[in-house]
Amino acid sequence: MRRRGKRGSRNIITQLLVAMPLLTFLLAFVCAKMIVSEILREESIMPCVYTIVGFTSFLACLYCAIRMPQKKALWGIATAGVYAAMLLLGNLLFFGVGYGQILPIILTVLGAGFVASMLGAMKRRKYA
């Protein structure tokens, strides 16, 4: 039986650092396709952004909290912080846009990450 230690943690962190941007790009592509084909209106761009970052943060933090061997809630919340920092840096480096309307997005990321971390860190009850 193999124990999960530092090597398992590094593997999980690497998976998350690759999966978070890919999931964000995939969901953004789906929303862009829906807007171009006029399924969604252009006024729904910001709700789409909130949905994309919230969903990505929730899934990544839940995965991290479930897979980490110790301090599950702390790792999940740290994952949300790293995702928020990645969004901020990507926004600043690639688009040159400042931090205008970033507070609702950061609150969405941290809120979804906190909920997912608490759900992932809960003890599993074994029935019978």
Side-chain angles (χ1 to χ4, degrees):
M1 186 169 165
R2 200 177 107 192
R3 293 177 55 193
R4 286 190 295 191
K6 288 185 179 183
R7 185 168 189 176
S9 299
R10 287 185 192 146
N11 190 19
I12 294 168
I13 292 169
T14 306
Q15 289 172 357
L16 287 173
L17 287 177
V18 170
M20 287 187 297
L22 286 178
L23 186 59
T24 302
F25 286 136
L26 177 71
L27 292 175
F29 178 74
V30 168
C31 285
K33 182 71 174 163
M34 291 173 69
I35 289 172
V36 167
S37 51
E38 296 180 358
I39 296 172
L40 294 175
R41 295 181 307 199
E42 285 187 30
E43 294 83 28
S44 64
I45 289 177
M46 285 314 286
C48 284
V49 169
Y50 299 142
T51 305
I52 290 168
V53 297
F55 187 68
T56 303
S57 176
F58 183 83
L59 288 180
C61 294
L62 185 65
Y63 179 76
C64 184
I66 289 174
R67 295 288 307 256
M68 283 297 178
Q70 296 174 349
K71 299 181 183 178
K72 295 173 177 279
L74 183 63
W75 275 106
I77 293 170
T79 303
V82 167
Y83 182 59
M86 285 172 55
L87 287 175
L88 285 171
L89 286 174
N91 189 23
L92 187 63
L93 293 174
F94 293 112
F95 300 110
V97 180
Y99 304 107
Q101 297 176 338
I102 202 74
L103 186 62
I105 294 172
I106 296 300
L107 290 176
T108 304
V109 168
L110 295 178
F114 180 77
V115 170
S117 299
M118 292 303 124
L119 287 174
M122 288 175 33
K123 297 280 185 188
R124 310 277 191 291
R125 291 189 183 188
K126 295 182 181 176
Y127 297 105

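Throughout, numbering of the chain's residues begins at 1 and tracks the sequence. Being a predicted model, the structure only gives us computed values, none of them experimental. Just the heavy atoms: all of them, side chains too, but no hydrogens, waters or symmetry mates, feed the values below.
Hydrophobic clustering (ILVMFWY, side-chain heavy atoms < 4.5 Å, transitive): V53 and L40 are in one cluster. V82 and F114 fall into different hydrophobic clusters, where Ile, Leu, Val, Met, Phe, Trp and Tyr residues are linked whenever their side-chain heavy atoms come under 4.5 Å apart, directly or through other members. Residues I35 and I39 are members of one and the same hydrophobic cluster, defined by side-chain heavy-atom contacts under 4.5 angstrom among Ile, Leu, Val, Met, Phe, Trp and Tyr. By the criterion of side-chain heavy atoms lying less than 4.5 angstrom apart, applied directly or through intervening Ile, Leu, Val, Met, Phe, Trp or Tyr residues, F25 is not grouped with M86; the two fall into different hydrophobic clusters. Put simply, M118 and Y63 are part of two different groups of oily side chains (I, L, V, M, F, W, Y) that touch within less than 4.5 Å, one to the next.
None of T24, I106, L16 except one satisfies the side chain to side chain contact (heavy atoms under 4.5 Å, CB included) rule with Y83; the exception is T24. Screening L59, T79, L87 for a side chain to side chain contact (heavy atoms under 4.5 Å, CB included) involving M20 leaves a single residue, T79.
Checked by atom type and distance alone, the side chain of S57 never pairs as donor or acceptor with a backbone atom of G54 at under 3.5 Å. Judged by distance alone, with hydrogens and angles left aside, the side-chain atoms of K72 form a donor-acceptor pair with the main-chain N or O of M68 at under 3.5 Å.
Every residue was checked against the salt bridge (charged side-chain N to carboxylate O under 4.0 Å, His left out) condition with E42, not counting sequence neighbours, and none meets it.
Expressed to the nearest 0.5 Å, how far CD1 of I52 lies from CD1 of I45 amounts to 10.5 Å. For the atom pair L22 CG and L17 CG, the distance stands at 11.0 Å (nearest 0.5 Å). Here the straight-line distance linking atom CD1 of I66 with atom SG of C61 works out to 11.5 Å at 0.5 Å rounding. Between the CE atom in M34 and the SG atom in C48 there is a gap of 7.0 Å [rounded to 0.5 Å]. Between the CD1 atom in I105 and the CE atom in M46 there is a gap of 4.5 Å [rounded to 0.5 Å]. Within the model, atoms CG of L62 and CG of L119 stand 6.5 Å from one another, a figure rounded to the nearest 0.5 Å.
Residue E43 places its CD atom among more than 12 non-hydrogen atoms of other residues, nucleotides or ligands, all under 6.0 Å distant.
Pairing each heavy atom of S117 with each of G76, the nearest pair is OG-C, 2.9 Å. Smallest separation of non-hydrogen atoms from A73 and A121: N-CB, 3.8 Å. When every heavy atom of V109 is checked against every heavy atom of A80, the shortest pair comes out as CG1-O, 3.5 Å. Shortest non-hydrogen contact noted between Y50 and P104 is OH-CB, 3.5 Å.
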